[in-house]
Protein chains: 2
Amino acid sequence: MKLNTKSRYAVMALADMSKFPINNPVSLRDISLRQSISLLYLEQIFLKLKKNEIVKSVRGSNGGYVLKRNPKNIKLSEIFQAVDQKVKTVGCKKDSKKGCNGKSVKCITHELWDELDIYINNFFENKNLSDLLMTKERKN
Amino acid sequence: MKLNTKSRYAVMALADMSKFPINNPVSLRDISLRQSISLLYLEQIFLKLKKNEIVKSVRGSNGGYVLKRNPKNIKLSEIFQAVDQKVKTVGCKKDSKKGCNGKSVKCITHELWDELDIYINNFFENKNLSDLLMTKERKN
DNA sequence: TAATACTTGACTATTTTAGTCGGGTATATA
DNA sequence: TATATACCCGACTAAAATAGTCAAGTATTA
């Protein structure tokens, strides 16, 4: 039950950006240095964030990326979706025709996993980018 | 964010066993057939469940496995621990010396992941084997 | 026009997962 | 006591996923 690095880095990078004035382009190079994330990998991640309307890009020198919305309005669930982090804890649910484990009926534990997915998604639905900063500020 | 099959099968198999009278050994062969799980794989899983005191084995013909406790007293969290399904959503937390991503301080999102782990573990702490059966019975 | 920074698809090493295989040992019962 | 049943256990492996890297660009600004 692990999160992949893509989701983690995406959240880290966006949290990093949130600390700067909105409309001020933040370059991936800077994020890369501050957060110790490979620049090339960040590029890959931001491509997805851009496609999913979470950030927009500003090309050229002094360019970078800008949050498309206020951090308060960017839910973690959106970020996760953008970088393809699926919260589908098991595979036996989409394939409704065949059912679980190739059987014609749902497996005993089917509902449990459904419930778990909803539970976890709920966590990400109720957190936004600015929540992260607030926690950090309270502590430091 | 996926559960591995080991955890899923472990829960399925134990839920299957829970339907039979306690002290009545249930053979892996039967579970294998009913739940469509490879017998060899089940053996591997039950070895761990046994080591972790969740089931005990009865050798010889007519043997099998028996739940060591009432299903009501077997929490899902124990099962997960037994089969090494760690709910450690990110890797950057044990290594307290080096901090996250090799930096000397915790990463911005560190607390978020801690919180997430606790949240998910909480789900499994509050579910036991008999909960699964009850849900099933209500529906059918 | 040089430097900076985004753009994009393809590629790859490493790790994890999801099992299988082989050769055991213990016990019940016929 | 023979034999079938069922647990025991370490080692192995194919396939998939992960975590990146690489190459070859394009756009913009100072």
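Note that the structure is predicted; figures quoted are calculated from it, not measured. Here is the naming used below: chain letters follow the sequence lines, and residue numbers restart at 1 for every chain.
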Quick one: [X] [atom1] to [N] [atom2], roughly how many Å, whole number?
| X | N | atom1 | atom2 | value |
| --- | --- | --- | --- | --- |
| I45(A) | dT8(C) | CD1 | C1' | 15 Å |
| R8(A) | dG20(D) | CZ | P | 9 Å |
| Y41(B) | dC21(C) | OH | C1' | 15 Å |
| K2(A) | dT17(C) | NZ | C1' | 11 Å |
| L28(B) | dC9(D) | CG | P | 13 Å |
| K48(A) | dC6(C) | NZ | P | 18 Å |
| Q44(A) | dA19(D) | CD | P | 11 Å |
| R29(A) | dA3(C) | CZ | P | 14 Å |

(request) State which of dA19(D), dT28(D), dC7(D) makes the closest approach to the side chain of E43(B). (result) dC7(D)
(request) Can you figure out which of dA6(D), dA5(C), dG19(C) approaches the side chain of S27(A) most closely? (result) dA5(C)
[N] OP1/OP2 closer than 4.0 Å to side-chain N/O of [X]:
| X | N | value |
| --- | --- | --- |
| N62(B) | dT29(C) | yes |
| K6(A) | dA19(D) | no |
| S61(B) | dA6(D) | no |
| S38(A) | dA19(D) | no |
| S57(A) | dT7(C) | yes |
| Y9(B) | dA18(C) | no |

(request) Look at atom CZ of R29(B) and say whether more than 12 heavy atoms of other residues, nucleotides or ligands are closer to it than 6.0 Å. (result) no
(request) Please test N121(A) against D117(A) for side-chain hydrogen bond (donor to acceptor under 3.5 Å, both in side chains), starting from the C-alpha separation and ending with a verdict. (result) CA-CA 6 Å; N121(A) 271 307; D117(A) 284 359; 5.9 Å; no
(request) Look at the aromatic rings of Y41(A) and Y9(A) and report parallel, tilted or perpendicular, splitting at 30° and 60°. (result) perpendicular
(message) Over all strands shown, is Y65(B) touching base, sugar-phosphate only, or nothing at heavy-atom distances under 4.0 angstrom?
(response) sugar-phosphate
(message) I'd like to know if R59(B) reaches the base of dT25(C) with its side chain such that a donor and an acceptor end up less than 3.5 angstrom apart.
(response) yes
(request) Might you point out which heavy atoms bring F20(B) and N24(B) nearest each other, and give the distance in Å? (result) CB-ND2, 4.1 Å
(message) Quick check: closest heavy atoms across E78(B) and I54(B), and the distance to 0.1 Å?
(response) O-CD1, 3.7 Å
(request) For L39(B) and for L47(A), locate the closest nucleotide of DNA chain C by heavy-atom distance; then report the residue assigned to the nucleotide nearer the 5' terminus. (result) L47(A)
(request) Please tell me which of L40(A) and G60(A) maps to the more 5' nucleotide of DNA chain D, matching each residue to the nucleotide holding its nearest heavy atom. (result) L40(A)
